[in-house]
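Reviewing the structure listed below.
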Amino acid sequence: MPQINGGTKICGIFGYPVEHSFSPSMHNAAFEHLSMNWAYVPFPVRSPDLPAAVESVRALGLAGVNVTVPHKQAVAGLVDELSPAAKLSGAVNTVINREGLLAGHNTDGEGFVRALREEAGLEAASAPVLIIGAGGAARAVAVALALSGAPAVFVTNRTEKRAVGLCRLLSDGTGCETAVVEWPCETEQMGEKRYLWEDVLNSVGLVVQTTSIGMSPDFDSAPPFPFHLLGRGHTVVDLVYNPSHTAFMKRCRAAGARVFNGAGMLLHQGAIAFELWTGRKAPLEVMRRALKEGIGN
Ligand code: NAP
């Protein structure tokens with residue numbers, strides 16, 4: 001536990017609910033390791049209270065906050081300036097307070113790109129990517145990949161109009177080549193879709209599963225997917241990190257793909273936020289250990 005005193009710098013997380021967040025243990029472990037007089041506090045903030053909570057960052061002199069569900073989009077309209085990724089994705093997960101000026105960043109997407117490089121050894125610009133899902137996490141990841149030079153982004157989503165919206169946002173905002181792909185069905189029902197999916201999976205090197213399917217306690221569910229078309233040339237990332245091996249990951253691995261869960265993204269988004277607030281390099285292995293203990297794997 002940090003010794004709180006007059007010089008302690010405070011940061012934290014705004015969300016509702018927020019008690020299950022792993023960020024406090026990850027950041028407080030980092031502060032302790034570096035003997036920094038900082039503390040990270042979870043703040044349960046209900047939606048009607050969000051504008052006052054954001055104002056309190058200034059009023060109380062907090063160094064900054066993370067922002068989680070359900071506030072990531074609303075906070076983008078409450079800060080003074082936005083990073084290019086936050087502006088394009090319309091979502092903020094990290095606020096920095098620079099002497100009263102609040103800057104909104106999206107380290108989720110950047111964290112994904114950094115995790116891809118450092119955990120999977122893959123550069124965002126190296127191959128076209130397929131994104132499964134078109135919600136908030138999909139947006140953050142797709143925008144970061146496009147801004148990092150991904151040659152093309154394919155999007156498939158149960159509700160197709162959200163996939164269309166995401167593709168439009170990417171092509172208008174970054175010039176990245178995009179295409180919507182019809183939502184897959186079970187392999188034996190694919191019919192003509194089989195050829196479309198063969199083409200898509202022949203051209204992509206990275207598949208990112210961004211839907212909430214497979215999250216605990218929904219251990220056995222996976223989105224429909226032509227798993228048999230995957231192979232050794234594919235890297236698959238499931239943004240779900242609890243459980244650490246989703247049903248989707250197991251089926252992709254069985255087909256020969258390299259698979260990763262979402263813990264790397266969670267770790268690196270936290271490390272980037274840490275660096276933005278403190279100006280110091282994040283002690284990654286300390287944060288990784290705290291996260292692992294929190295998630296329980
Ligand atoms: P969201 O904005 O609510 O989006 C949910 C997405 O899942 C949408 O594309 C939705 O499709 C799809 N979906 C949900 N249930 C479905 C079903 N039964 N069948 C087909 N599609 C379904 O949620 P989010 O914030 O993007 O979060 C999505 C996942 O990412 C969660 O598991 C979350 O924990 C994870 N995440 C991980 C990290 C990390 O650091 N690793 C960070 C952020 C989020 P429709 O559009 O058709 O509804």
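Not measured: the values here are computed from a predicted model. We use all heavy atoms of the structure for the numbers below, so side chains are in, but hydrogens, waters and symmetry mates are not. Both ligands and their constituent atoms are indexed starting at 1 by order of listing. For this chain, numbers begin at 1 and follow the sequence in order.
- The side chain to side chain donor-acceptor pair (under 3.5 Å) check on Asn5 picks up Thr8, Asn37, with sequence neighbours excluded.
- For atom 40 (O) of ligand 1, the nearest protein heavy atom lies under 4.0 Å away.
- Using a 3.5 Å distance cut-off with no hydrogens or angles, the side chains of Ser216 and Asn242 do not pair a donor with an acceptor.
- With 3.5 Å as the limit, one finds a donor-acceptor pair spanning the side chains of Thr235 and Arg258.
- Of the heavy atoms in Trp183, only side-chain atoms (C-beta onward) come closer than 4.0 Å to ligand 1.
- Between the side chains of Asn66 and Tyr40, a donor-acceptor pair is found at a separation under 3.5 Å.
- Annotation: Val240 places no N or O atom under 3.5 Å from an N or O atom of ligand 1; distance criterion only.
- Annotation for ligand 1: atoms under 4.0 Å from non-hydrogen atoms of Arg162 are 8 (C), 45 (P), 46 (O), 48 (O).
- Under the 4.0 angstrom criterion for non-hydrogen atoms, Pro223 is not in contact with ligand 1.
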Using side chain to side chain contact (heavy atoms under 4.5 Å, CB included), reason through Trp277 and Asn97 one step at a time and then give a plain yes or no. CA-CA 8 Å; Trp277 293 324; Asn97 180 9; over 6 Å; no
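- For atom 3 (O) of ligand 1, no protein heavy-atom neighbour is found at a distance under 4.0 Å.
- In Asn157, the part holding a heavy atom less than 4.0 Å from any atom of ligand 1 is the side chain.
- When Thr211, Val141, Asn242 are checked for heavy-atom proximity to atom 12 (C) of ligand 1, Thr211 turns out nearest.
- Considering each of Arg158, Met215, Lys72, the one bringing a non-hydrogen atom nearest atom 48 (O) of ligand 1 is Arg158.
- Where the criterion is an N or O separation shorter than 3.5 Å, residue side chain and backbone included, Ile213 fails it with respect to ligand 1.
- Closest protein heavy atom to atom 29 (C) of ligand 1: Thr210 O, 3.4 Å.
- For atom 14 (C) of ligand 1, the nearest protein heavy atom (residue, atom name, distance) is Ser212 OG, 3.4 Å.
- Of the candidates Thr159, Val237, Asp108, Val155, it is Thr159 that places a heavy atom closest to atom 47 (O) of ligand 1.
- Comparing Gly133, Gly165, Ala137 against atom 25 (O) of ligand 1, the shortest heavy-atom distance belongs to Ala137.
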